[in-house]
Protein chains: 2
Amino acid sequence: MSAIRGARERARTEVTTAIKNEARRQLAQEGAAKLSLRAVARELGMVSSALYRYFPSRDDLLTALIVDAYDAVGVAAETALADGRDGPGGLGPRDRWNAVCSAVRAWALAHPHEYALIYGSPVPGYTAPGDTIGPASRVGLTLIAIARDASRADALAPPPLSGELRPEAARIAADIAPDLPPAVAVALVAAWAQLFGLISFEVFGQFNRMVEERDAFFAQAASRLAEDVGLRG
Amino acid sequence: MSAIRGARERARTEVTTAIKNEARRQLAQEGAAKLSLRAVARELGMVSSALYRYFPSRDDLLTALIVDAYDAVGVAAETALADGRDGPGGLGPRDRWNAVCSAVRAWALAHPHEYALIYGSPVPGYTAPGDTIGPASRVGLTLIAIARDASRADALAPPPLSGELRPEAARIAADIAPDLPPAVAVALVAAWAQLFGLISFEVFGQFNRMVEERDAFFAQAASRLAEDVGLRG
DNA sequence: TCAAGAATGAGAGCACTGCTCTTGCGGAAT
DNA sequence: ATTCCGCAAGAGCAGTGCTCTCATTCTTGA
């Protein structure tokens, strides 16, 4: 009977992923705002009302795609870090940082609409539900892990920190990385935001007719961020 | 008769700005995707089809709002720079940079939806027309002007530049600021993108439950960007 | 095993959207 | 004064998200 019940549930998850895949397809082609439940249903050969058995609203479908996208960038970042750790030779902290940044950028350039979904303007009238905060932090945690590695290898030189910011820095450090110096924690948060500033400008076309050698430009900027965080070698 | 014709044209521009104002109001309340031509017309006591005499499509209305928004941030930045130049005492390059960055951030926090319109994901199916590139560059030009001021005052120390990036740096410098060292030009572009990364993360809520003392945090990050560009004192 | 029950799909329908087209009105130019 | 042209109004089309009802089909418990 578990097999029978499994059949039902398997059908359900199959249809669910089919819906998400088709939605992702339309997302990649037309962007988030043009994504239409009816069009997805039509393409899948079902009637629109049937789709509501799987996703109670359009926003819920979007949320599912958002979670998947966060997971996808997260995996890209984590894989890059893992490769940098025990790959050929084993990279130093600086190179690991650059590898992770490049991996995130590559994913963003390959999936611009999904990237826009998670790092562009929040979708209209939509506020991120709790399900997203876990997946959303994977890239940040990866960056923190790099700093932690560096710290253990004595390759971390905490950047200067203004006295005014010291209590806040301690708070942030306690929150996200209690084992790292507060100055590194704030620098990490800032670098994290700045990294996505670089990527967003490239993905959203702000560099058009301005920056041509995007790879080299990004590599230089990412290295600089690594310096700001205090990563050595 | 010029008075009479003027009356006609005045009426037209009056209605046009009324439409834009109401649209901006709805934008601020609900976000770009929820902005509806029919709702704007309804609120203005006219029928929806009449609105098409003023804006040929919803995208054109959006474009008008985008241009206005670019101009508004641009003015905020330029005003901050002017105040920093000949204000009380006259600020140094570093403080001018911080002042301009803070002004842009303040505008963004005060007008989050308009900010999202111009620095969030590009609106669905919409590609920025030529009218926007002028207004869009005002903030960037202001940042360049700060570096130029610093250069003239011998307060600019060009950051290091990787050999690989040198030709591209020369190209960028020739494009946007021929009188500045190439290394400064690339650093400016990078800092420009990173600045909006910081602001976007704050406006879009990515710092929620993570950064509390936003002012101090931003000030520190902005100062760091000034350093990266090579601004002294 | 068979009947009660839950899950699923189909269809109609509501209120809304952007946009087009036609019609009529009133001020502007000749 | 009459011909225009700008403007507004209304109807209408195709599309949207979402809800409701009704039938069917699979699952489960007695």
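Below, chain A is the first sequence line, B the second, and so on; all start at residue 1.
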Sugar-phosphate only, base, or nothing, as touched by B/Leu35 at under 4.0 Å among non-hydrogen atoms: sugar-phosphate

Anything under 3.5 Å between a protein N or O and an N or O of nucleotides 21-23 of chain C, put it in a table, one pair a line.
none

Ionic contact status for B/Arg209 with A/Asp175, cut-off 4.0 Å: no

Base C/dG18 to side chain B/Arg38, donor-acceptor N/O within 3.5 Å cut-off: yes

Touch class at under 4.0 angstrom, heavy-atom based, for B/Tyr54 against every strand present: sugar-phosphate

Electrostatic pair A/Arg105-A/Asp215, nearest N-O below 4.0 angstrom: yes

Those residues of residues 18-26 of chain B lying under 4.0 Å from DNA chain C by at least one heavy atom: none

Test item: B/Gln26 side-chain N/O and B/Leu35 main-chain N/O as donor-acceptor pair under 3.5 Å: no

Stepwise side chain to side chain donor-acceptor pair (under 3.5 Å) test for A/Tyr115 and B/Ser121: CA-CA 9 Å; A/Tyr115 177 84; B/Ser121 0; over 6 Å; no

Pair B/Asp60-B/Ser57, side-chain donor/acceptor within less than 3.5 Å: yes

Ring geometry between A/Tyr119 and A/Phe196 (parallel below 30°, tilted from 30 to 60°, perpendicular above 60°): parallel

Nearest-nucleotide comparison on DNA chain C, the residue closer to the 5′ end among B/Ser57 and A/Ala50: A/Ala50

